[in-house]
Amino acid sequence: MADAQTHMDGLEFMKWHGAGNDFVMIDSRARDAVVHRELAAGLGDRNRGVGFDQLAEIRSSDAADIDLDFWNADGSRAGACGNATRCVAQYMMDQTGRDALTIRTSRGVLEARADGDLVAVNMGQPQLTWDTVPLSHDVDLQHLPLDGDPVAVGMGNPHCVFFVDDADAVDVAGIGPGFETNPLFPEATNVEFAEIRSRDEIRMRVWERGTGITLACGSGACATAVAAHQRGLTDKKVRMELDGGWLMLDWREDGVWMTGPTAFVYSGQLTQAFLKGL
Ligand SMILES: N[C@@H](CCC[C@H](N)C(=O)O)C(=O)O
């Protein structure tokens with residue numbers, strides 16, 4: 001990590017959030033990719049580092065306006081991060097004065113655009129086969145062989161969605177970790193608890209893979225909207241209330257569009273002395 005510390009000395013970082021989902025954003029285009037697991041885990045530690053739900057690293061791209069990579073607070077990689085994608089889109093639109101851009105993630109090239117004061121991103125189509133979520137073997141994704149009869153949906157990352165009568169009554173911290181690491185999910189999973197309020201409104205809380213409880217999860221909101229519609233509980237367009245705010249989901253022909261707020265919180269610099277303490 002010493003080389004990285006020298007390489008990163010003085011590197012700017014920004015804090016953003018999307019509906020309360022808390023991010024550190026690093027624009028590495030001027031210095032090439034600098035983030036790795038050890039650094040992400042150190043920065044993500046709320047006792048030692050800056051603390052975040054996810055770290056989003058912006059890099060130059062030969063296929064879109066930018067490339068974007070994500071790490072969870074424990075340093076693990078995340079294939080998708082919808083709220084961070086929306087925050088990065090807002091940052092880039094602020095930088096360029098444009099109202100739309102393309103962002104390549106491991107999901108492929110995503111489209112993001114301004115929607116009034118909000119930002120919308122097309123998170124692509126869900127993955128709805130056992131091997132693409134992924135699961136360890138072929139089971140009924142609509143009724144997983146787990147207590148609570150959840151639904152499995154992939155959104156570039158795995159999600160296990162439970163439908164409950166009262167989301168606020170769920171002991172998310174108590175039961176989330178066990179499902180996160182259930183062997184049915186070879187790459188672990190995000191765990192959502194959804195209360196259907198009407199055909200166009202859902203209340204959802206989340207235990208995120210690699211991070212724990214967060215105030216919002218964009219890919220989890222997309223997965224929950226898909227699972228609820230598959231179960232016949234909601235329409236394809238729903239408003240979702242999470243602990244940190246509201247997101248709008250719309251499952252269209254071209255993918256699952258997610259729209260919601262973003263907020264810049266502060267910026268800072270990563271000094272070598274700080275990095276040595278991680
Ligand atoms: N909060 C993110 C999801 C981040 C990744 C997730 N923890 C995973 O490991 O898949 C979002 O807004 O999508």
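Values below: all heavy atoms of this structure, side chains included; hydrogens, waters and symmetry mates excluded. Not measured: the values here are computed from a predicted model. Counting starts at 1 for both ligands and their atoms, following the listed order.
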Region of [X] that comes within reach of ligand 1 [heavy atoms, distance under 4.0 Å]:
X      : answer
Asn72  : side chain
Ser76  : neither
Asp53  : neither
Met155 : neither

If we ignore hydrogens and angles and just use 3.5 Å, is the side chain of [X] paired with the main-chain N or O of [Y] as donor and acceptor?
X      : Y      : result
His143 : Asp149 : no
Thr132 : Pro134 : no
Glu180 : Thr189 : no

query = Would Cys81 count as a contact of ligand 1 if the rule is a heavy atom under 4.0 Å away?
reply = yes
Note: [X]-[Y] ion pair, threshold 4.0 Å (strictly below):
X      : Y      : value
Arg205 : Asp171 : no
Asp27  : Arg29  : yes
Lys236 : Asp200 : no
Arg209 : Asp74  : no

Against heavy atoms of [X], which atoms of ligand 1 measure under 4.0 Å?
X      : answer
Ala80  : 3 (C), 4 (C), 5 (C)
Asn21  : 1 (N), 2 (C), 11 (C), 12 (O)
Asn157 : 5 (C), 6 (C), 8 (C), 10 (O)

ask   = Among Phe193, Phe162, Trp207, which residue meets the ring pair (Phe, Tyr, Trp, His ring centres under 6.0 Å) test with Phe179?
value = Phe162
Nearest-contact summary for [atom] - protein heavy atom, Å:
atom                    : result
atom 13 (O) of ligand 1 : Ser219 OG, 2.6 Å
atom 12 (O) of ligand 1 : Gly218 N, 2.6 Å
atom 6 (C) of ligand 1  : Asn190 OD1, 3.1 Å

ask   = Checking Arg113 against Trp257: charged group under 6.0 Å from the ring centre and within 45 degrees of the axis?
value = yes
message = Side chain or backbone, does Thr211 bring an N or O within less than 3.5 Å of an N or O on ligand 1?
response = no
query = Considering distance alone, does some N or O of Gly82 sit under 3.5 Å from an N or O of ligand 1?
reply = yes
